[in-house]
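Just so you know, these numbers use all the heavy atoms, side chains as well, and skip hydrogens, waters and symmetry mates.
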Amino acid sequence: MALRFEILGRFNRARAARLTLPHFTCQTPLFMPVGTQGTIKGLTTDQLEDIGCQIILGNTYHLELRPGSQLIDDLGGLHKFMNWKRALLTDSGGFQMVSLLHLADITEEGVTFQSPVDGKPMLLTPEESIHIQNNIGADIIMALDDVVKTTITGPRIEEAMYRTLRWIDRCIAAHKKPDVQNLFGIVQGGLDPVLRDICVKGLVERNLPGYAIGGLAGGEDKDSFWRVVAQCTAGLPENKPRYVMGVGYPLDIVVCSALGADMYDCVYPTRTARFGTALVPEGVLKLKQNAMATDERPIDPTCSCMVCKKYTRAYLHCLVTKDAMGSQLLSYHNLSFMMRLSRDLHMSILDGRFPEFVRGFLRVQFPKGDVPQWVRNAMEVAGIDISECCASAKCHVPSIQEQPLTVPDDANGVVQQN
């Protein structure tokens, strides 16, 4: 295996670890920004290093379409191609079975996509996915899995789970660079605990370098979401990294880390930046709101990033409504926020103050004590007492894809997100 995973500290299920990869040594828990085609929109690799980014995620399907994995390989691999010296992870293309379902035909052989670029068919088999990822050269590569939305019920969920297990063997056989690239398997099974358990056990038998929990963040209710994460982390090996795919809300990351997960990725921090929304400890700050037009404060007075040091909310309000620079600056801040959250999680576990960190995080996000019931349930399983953060009334349990609740804090544009 081309990685080393060392647990440095823990609190109950939560753990802080050192993940040593061929190109970088990382601290977990960690968040990975999504650079679909080898770039985080609007940011340079130097800026990503400055804010402490450890791993960038690239998209196998889109990189194969443009510029092509063979060209990337000929030019020295994606690290050299995009001038990124730290770690990379590539997904397998499986998620496109959901996001591009209208262009996909799924069979036992693989998935045939109709290219959104030129309309030509592209057959992505487990073998081809691994071949492409071997060419790209990321530190971590993902097995091709059969992905379905968690809101789907019936035999399709079971079919996808068993196909995922069959495909992992084809991925392992096709993997030509296990000495420099780490193949992670992906747990599927929808919201069915029996299917999830079968998949976990099947993947663990393959003794892979790491494991991902897939098929979440697709519209399921939050109570089901955390329960799947808790079940899977409990069944996966202690000495291997655990990656919850597609999770990017700060609250979700805190909860999943308490339940024993280590790695996360999502487009959310950068996508929401392009819509004029900044991440702050209280939730989100909507910079397009009129209240921002004369506000001379930084986005977040507690943030030390370049944007918060140099620019006011009023200035950013002007940019996000008129200029692309606004989304670039907000992307920089939002990813800085996520990197700081990752560091805080890591250090609080190492220092033996993780429960205090969680309670502090929740008090700021939910000053009225309206902590969602799903969070309360998850923290009980995680062994963290958050009773002092909670009002007695039970709260609405939102879908994972619901829009952040808009709860103005004295009309300053800050809203809670739960």
Side-chain angles (χ1 to χ4, degrees), residues 1-3 36 57-65 68-70 72-73 77-78 88-101 103-115 120-149 156-190 195-196 198-215 232 236 240-241 243 245-246 265:
M1 295 181 186
L3 66 72
T36 301
L57 186 145
N59 185 289
T60 293
Y61 170 78
H62 289 288
L63 285 169
E64 178 64 7
L65 286 179
S69 63
Q70 189 58 57
I72 292 173
D73 188 29
L78 187 58
L88 287 170
L89 180 150
T90 45
D91 66 7
S92 63
F95 177 70
Q96 276 64 50
M97 296 182 199
V98 172
S99 64
L100 298 177
L101 183 60
L103 299 175
D105 180 31
I106 305 163
T107 66
E108 187 63 27
E109 183 181 9
V111 54
T112 301
F113 293 103
Q114 180 184 346
S115 169
K120 293 180 180 178
M122 170 186 174
L123 175 61
L124 189 65
T125 64
E127 293 81 7
E128 182 64 12
S129 174
I130 297 302
H131 173 69
I132 293 168
Q133 293 184 82
N134 283 163
N135 282 345
I136 292 171
D139 301 70
I140 297 172
I141 65 176
M142 304 304 299
L144 185 66
D145 54 340
D146 189 352
V147 185
V148 293
K149 282 189 174 183
R156 178 69 182 100
I157 295 289
E158 183 174 0
E159 175 192 46
M161 186 280 293
Y162 280 110
R163 180 172 287 149
T164 293
L165 285 179
R166 291 192 296 272
W167 281 2
I168 186 63
D169 292 323
R170 292 168 60 185
C171 289
I172 292 169
H175 186 21
K176 303 302 183 188
K177 300 180 179 179
D179 55 328
V180 292
Q181 291 182 290
N182 299 281
L183 174 62
F184 281 27
I186 304 173
V187 180
Q188 292 292 348
L195 295 180
R196 286 281 179 175
I198 293 170
C199 200
V200 166
K201 290 178 179 176
L203 291 175
V204 171
E205 288 175 359
R206 272 76 173 180
N207 190 30
L208 298 162
Y211 302 89
I213 301 168
C232 293
L236 290 170
K240 304 285 181 71
Y243 163 29
M245 306 181 78
D265 82 281

Problem set entry | S69 and E64 side chains, donor-acceptor separation under 3.5 Å | yes
Exercise. In Å, rounded to the nearest 0.5 Å, how long is the span from CZ of R206 to CD1 of I168?
Worked result: 7.5 Å
Exercise. CZ of R196 to CE of M161: how many Å apart, nearest 0.5 Å?
Worked result: 10.0 Å
Exercise. Taking the side chain from Q181 and the backbone from Q133, do they hold a donor-acceptor pair closer than 3.5 Å?
Worked result: yes
Problem set entry | 4.5 Å side-chain heavy-atom contact, L203 and V187 | yes
Problem set entry | Working for side-chain contact (heavy atoms from CB on, under 4.5 Å), residues I198 and E158 | CA-CA 10 Å; I198 293 170; E158 183 174 0; over 6 Å; no
For this session: Search all heavy atoms of G185 against all heavy atoms of A143 and return the closest pair with its distance.
Result: CA-CB, 4.4 Å
Exercise. Donor-acceptor pair, N135 side chain versus D73 backbone, under 3.5 Å?
Worked result: no
For this session: Report yes if the side chains of K177 and I141 come closer than 4.5 Å at any heavy-atom pair, otherwise no.
Result: no
Exercise. What's the verdict on side-chain contact (heavy atoms from CB on, under 4.5 Å) for V147 and Q188, showing C-alpha distance, side-chain angles and the deciding distance?
Worked result: CA-CA 8 Å; V147 185; Q188 292 292 348; 4.0 Å; yes
Exercise. Any idea which heavy atoms bring M142 and I186 closest together, and the distance?
Worked result: CE-CG1, 3.6 Å
Exercise. How many angstroms lie between atom CE of M1 and atom CG of D179, to the nearest 0.5 angstrom?
Worked result: 13.0 Å
Exercise. Is it the case that more than 12 heavy atoms not belonging to E109 sit under 6.0 Å from its CD atom?
Worked result: no
Exercise. Do the side chains of W167 and E108 get nearer than 4.5 Å, heavy atoms only?
Worked result: yes
Seminar exercise, completed: What one should report as the nearest heavy-atom pair of V204 and Y211 is CA-OH, 3.6 Å
Exercise. Heavy-atom distance under 4.5 Å between the side chains of E128 and L123, does that happen here?
Worked result: no
Problem set entry | Trace of the side-chain contact (heavy atoms from CB on, under 4.5 Å) decision for V111 with D105 | CA-CA 6 Å; V111 54; D105 180 31; over 6 Å; no
For this session: Find out whether S92 and T60 are in side-chain contact, i.e. whether some heavy atom of one side chain is under 4.5 Å from a heavy atom of the other.
Result: no
Problem set entry | Lys/Arg-Asp/Glu bridge criterion (N-O < 4.0 Å) met for E205, K201 | no
For this session: Evaluate the side-chain proximity of L78 to L63: yes if any heavy-atom separation is below 4.5 Å, no if none is.
Result: yes
For this session: Measure from the ring center of Y61 to the ring center of F113 and say whether it is less than 6.0 Å.
Result: yes
Seminar exercise, completed: Closest heavy-atom pair, P241 versus L3, reported as atoms and distance to 0.1 Å, is CG-CD2, 4.3 Å
Problem set entry | Within-4.5 Å side-chain heavy-atom neighbours: K176 and H131 | no
Seminar exercise, completed: CG of D145 to OG1 of T164, rounded to nearest 0.5 Å, is 5.0 Å
Seminar exercise, completed: One should read off an interatomic distance between L144 CG and E127 CD, to the nearest 0.5 angstrom, of 9.0 Å
Problem set entry | Shortest non-hydrogen separation from R163 to I106 and the atoms involved | NH1-CG2, 3.7 Å
Problem set entry | N182 side-chain N/O to A2 backbone N/O, donor-acceptor pair under 3.5 Å | yes
Problem set entry | Between CG on residue L165 and CG on residue D146, distance to nearest 0.5 Å | 11.0 Å
Exercise. Is there side-chain contact between H175 and N134, with heavy atoms separated by less than 4.5 Å?
Worked result: yes
Seminar exercise, completed: Scanning both residues in full, the closest heavy-atom pair of L124 with G93 reads CD2-CA, 3.9 Å
